[in-house]
Visitor: 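Sharing a structure with you now.
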Amino acid sequence: MESLPPSLRHLNHHQAPPTITHNGNSNPTKDKEKDQEEYDEVPIIDLQRLSHEKSKLDEACKEWGFFRLVNHGIPLTLLDQLQDQAKQIFSLSFETKQASCNGNGTERAASYFWGTPALTTSGTALTSGPQNTHLVEGFSFSLGQISLFQPQLSELESFRVLLAEYGKHLSRIATTLFESLVKSLNLNLLEPSSYLDENTGNVRVYRYPSCSDSNNVGWGINEHTDSSVLSILSQDDQVSGLEVLKDHKWVTVKPIPNTLIVNIGDMMQALSDDMYKSVFHRVKINNTKERISICYFVFPNEDVKIESSKYKPFTYNEFRAQVQKDIKETGHKVGLSRFQRNEDI
Ligand SMILES: O=C(O)CCC(=O)C(=O)O
Ligand SMILES: [Fe+2]
């Protein structure tokens, strides 16, 4: 039974031999120890002490656009169960996964994709073409419609139940952080909840296959910025891959158990008038182990106008349509610069 999509199967031919220690035993924990020894420099924010960490948070959003969140209040068992259940789903055959989200008119609630992380609003991959070379497969779930999703597969049903619980925590965390950022920036938003609309919450679960020749086969996900207001990521706590651009250098975001990674998206950058940065990041595939990540994205209500001095007023609907058009026509997202006020100068 083959679980990888056909376009990713060539990676299987490059598998690395197991690491051999001096006494001849294979040592699968070596990579894990190495990853966990080295802490990275990504700023750490304590959610339970947020009122005391306002300036630290403000600085992290300005300097990095990325931070690590601790004391987030999500039970470790829930994070572990999500990872385990995701692994089980991905290990199903490709054909089973392909059929798993079709039917019953629930396509907008959940979809399966591979080869590109760029999806249409209904969750299907955006046009096939040369850009569909990302070494990734995934499921996308729309949290606002998750109750409509009634999967036939017991593996997906178990995941749906966990996700409904996880989604509540993500809404709580995103709202708490957003309120704090709005205060720090002194933003005068008439209706703050329409700029971070919990109903738009979307969770992507990704699997990046491993490849011993990982430096030469391509990227899990190429460098990009997120279109969201905020993104919150729970990554496999043993397999690295995520890299973030800081001062023109790529920094590996270490996998550290029981921590979440938060990043500022394009919408937050625009709302903050470029004070906060939606930074480039990318995912490298691992030499020996597949990597699972669970990413949450939250957006403004699609019709609310984003007003700032740096950008012409636009709605998220307009932004998304432009991104999709650019990807279709050129293979690449152009992003915020499309809406800059001085674009014609
Ligand atoms: O899988 C990851 O670690 C990051 C994925 C990501 O950057 C994205 O989906 O926008
Ligand atoms: Fe991203």
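This one's a predicted model, so the numbers in the text were calculated from it and none came from an experiment. Start at 1 with the first residue, then count along the sequence. Counting starts at 1 for both ligands and their atoms, in listed order.
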Visitor: Should you measure from each heavy atom of Phe297, which atoms of ligand 1 turn up under 4.0 Å away?
Guide: 8 (C), 9 (O), 10 (O)
Visitor: For residues Asp326 and Gln322, is any side-chain donor paired with an opposing acceptor at under 3.5 Å?
Guide: yes
Visitor: What is the closest protein heavy atom to atom 9 (O) of ligand 1, and at what distance does it sit?
Guide: Tyr206 OH, 2.5 Å
Visitor: Could you list the atoms of ligand 1 found under 4.0 angstrom from a heavy atom of His281?
Guide: 7 (O)
Visitor: Starting from atom 4 (C) of ligand 1, which protein heavy atom do you reach first, and at what distance in Å?
Guide: Val283 CG2, 3.7 Å
Visitor: Ring centroids only, cut at 6.0 angstrom: are His72 and His169 within range, meaning strictly under it?
Guide: no
Visitor: Under 2.8 Å from the Fe ion (ligand 2), which protein atoms of type N, O or S occur, listed by chain and number?
Guide: His224 NE2, Asp226 OD1, His281 NE2
Visitor: Going by the order shown, which atoms of ligand 1 are within less than 4.0 Å of some heavy atom of Leu233?
Guide: 2 (C), 3 (O)
Visitor: Strictly under 6.0 Å, is that where the ring centroids of Trp250 and Phe280 end up?
Guide: no
Visitor: Please determine whether ring-ring contact (aromatic ring centres under 6.0 Å, His included) holds for the pair Phe139 and Tyr206, giving the CA-CA distance in whole Å, both sets of side-chain angles, and the decisive distance to 0.1 Å.
Guide: CA-CA 7 Å; Phe139 285 88; Tyr206 295 112; over 10 Å; no
Visitor: Indicate whether any N or O donor in one side chain lies under 3.5 Å from an N or O acceptor in the other, for Gln152 and Ser100.
Guide: no
Visitor: Of Glu243, Arg291, Arg282, Arg207, which has the heavy atom at the shortest distance from atom 3 (O) of ligand 1?
Guide: Arg291
Visitor: What protein heavy atom lies closest to atom 6 (C) of ligand 1? Include the residue and the distance to one decimal.
Guide: His224 NE2, 3.7 Å
Visitor: If you measure from the Lys or Arg side-chain nitrogens to the Asp or Glu carboxylate oxygens, is any gap between Lys97 and Glu137 under 4.0 Å?
Guide: yes
Visitor: Inspect the surroundings of NZ in Lys325 and state if more than 12 heavy atoms from other residues, nucleotides or ligands are less than 6.0 Å away.
Guide: no
Visitor: Can a donor-acceptor pair be found between the side chains of Asn202 and Ser140 at a distance below 3.5 Å?
Guide: yes
Visitor: Show the atom names and distances, to 0.1 Å, of all donor-acceptor pairs under 3.5 Å that link a side chain in residues 296-308 to residues at least two apart or in another chain.
Guide:
residue: Asn301; atom: OD1; partner: Asp303; partner atom: N; Å: 3.1
residue: Glu302; atom: OE1; partner: Arg320; partner atom: NH2; Å: 3.1
residue: Ser308; atom: OG; partner: Tyr311; partner atom: N; Å: 3.3

Visitor: Using only heavy-atom distances, determine whether the side chains of Asn222 and His332 contain a donor-acceptor pair under 3.5 Å.
Guide: no
Visitor: Ligand 1 and Asp226, any nitrogen or oxygen pair closer than 3.5 angstrom?
Guide: yes
